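Input: a single structure, listed below in structure tokens.
The structure presented is a predicted model; accordingly, all values stated were derived computationally and were not measured. Whatever order the structure lists them in is the order used to number ligands and atoms, beginning at 1.
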Amino acid sequence: MRTISVRAHGKVNLHLGVGDAREDGYHELVTVFQSLSLSDVVTLEIDDEETVATGSIVSGLTATGLDAASVPQDATNLAWRGVDTLVDFYRARHGLGSLPRVRIRIEKGIPTAGGMAGGSADAAAALLAAHILVTETMPALDQTTLDALAAELGSDVPFTLRGGTMLGTGRGEQLTPMLSRGRYHWALVFSKQGLATPEVFGHLDQLRDQGREIGPSLDTTDLAHALMTGNAEEVAGHLANDLQAPAVSLRSDIARTLDLGKQAGALAGIVSGSGPTCAFLCRSELHARDVLDDLLSEGVYSGATATGPAHGAYLIDG
Ligand code: C5P
């Protein structure tokens with residue numbers, strides 16, 4: 001059996017400014033994404049003996065690795081939806097004929113429901129893998145069309161497809177590349193239990209309705225300048241996340257972890273996206289390891305070190 005394997009990376013938001021809720025339920029964002037070395041690999045196991053002309057070409061899905069037990073194994077999984085979205089688009093627009101049946105295998109290195117775009121990375125990887133499969137016989141889609149399909153799958157999926165350092169606006173799906181010098185070193189602390197993104201956005205609205213002044217942090221000018229210096233200490237002074245207050249309010253363990261990171265000497269600590277992962281910016285790889293060791297010795301659940309920026313989704317085999 002032949003396979004196509006695509007790797008996609010997780011992310012941290014160096015800046016996550018959240019504006020008002022829109023009529024469609026999404027919030028206007030001004031965010032700065034940085035992709036991290038943490039990654040998932042999505043493999044399509046292709047059964048050329050069996051072809052499918054209608055309905056999903058996916059016959060099943062398995063996940064291994066970090067938090068694999070909490071990854072859905074049915075058609076609700078974002079990787080499964082990524083394959084279906086690409087195939088449905090080709091069927092509707094390009095009269096695609098039959099395709100081989102595939103099974104999806106996901107190797108997880110990004111925490112699930114951790115605020116690091118693990119599900120989005122899987123969606124981006126699956127979209128690209130399906131594109132590689134379909135373009136064995138059909139013309140390729142341009143980047144704009146692939147980005148639009150990615151945005152249908154989730155607000156962070158276009159970024160995980162592209163990677164690097166990007167400004168995200170709209171609901172996070174409208175991307176502009178940003179200049180960024182150097183490499184950044186992170187100590188990441190994961191949680192045993194994830195947080196649901198809609199719950200955190202909803203809680204931010206509630207806190208604001210109750211009169212709490214949380215942002216909106218919509219100005220990224222200082223961070224943009226800091227990123228051009230390549231100096232981690234300067235970048236550390238400009239990390240911001242409007243979802244941090246609601247995440248901390250929902251989960252008191254996050255406040256403790258952020259305190260511990262400070263005590264361990266990190267340059268700065270921030271909740272990653274909607275949490276509960278906490279990301280600590282450090283001076284060097286060695287510093288990140290020291291900070292992580294310190295945090296682990298204080299009894300945090302688990303963690304890893306990572307560097308950024310990393311790549312978008314790319315073919316690693318097949
Ligand atoms: O786009 P995605 O499906 O990843 O979003 C998950 C949920 O997060 C949305 O249904 C919404 O509740 C919330 N969200 C939001 N504003 C955004 C992005 C996500 O309110 N810009």
| How would you list all residue pairs meeting side-chain hydrogen bond (donor to acceptor under 3.5 Å, both in side chains) that involve residues 162-179, not counting sequence neighbours? |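 Matches after skipping sequence neighbours: Asp147-Arg162, Ser155-Arg171.
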
Atoms of ligand 1, numbered as shown, that sit under 4.0 Å from any heavy atom of [X]:
| X | result |
| --- | --- |
| Leu29 | 21 (N) |
| Arg171 | 1 (O), 17 (C), 18 (C), 21 (N) |
| Gly154 | 1 (O) |
| Pro198 | 7 (C), 12 (O) |

| query | Counting only heavy atoms, which portion of Tyr26 has something under 4.0 Å from ligand 1: side chain, backbone, both, or neither? | reply |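 The answer is both.
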
| Donor-acceptor pair, side chain of His131 and main chain of Leu141, under 3.5 angstrom | yes

| Gly25 near ligand 1, heavy-atom distance under 4.0 Å? | yes

Would you mind checking which non-hydrogen protein atom is closest to [atom], with the distance to 0.1 Å?
| atom | answer |
| --- | --- |
| atom 4 (O) of ligand 1 | Ser155 N, 3.7 Å |
| atom 13 (C) of ligand 1 | Phe201 CD1, 3.5 Å |
| atom 16 (N) of ligand 1 | His27 N, 2.8 Å |

| field | Heavy-atom side-chain contact between Glu233 and Arg283 under 4.5 Å | value | yes

| request: For the residue pair His94 and Phe89, establish whether any side-chain heavy-atom pair is separated by less than 4.5 Å. | output: yes

| message | Looking at every non-hydrogen atom in both residues, tell me the closest pair between Ile110 and Ala121 and how far apart they are. | response | CD1-CB, 3.8 Å

| query | Got an N/O contact under 3.5 Å between Thr197 and ligand 1? | reply |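 No; every N/O pair is 3.5 Å or more apart.
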
| Is there a donor in the side chain of Trp186 and an acceptor in the side chain of Glu285, or the other way round, less than 3.5 Å apart? |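 No, no side-chain donor-acceptor pair sits under 3.5 Å.
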
| Do you see a donor-acceptor pair shorter than 3.5 Å between the side chains of Thr85 and Asp88? | no

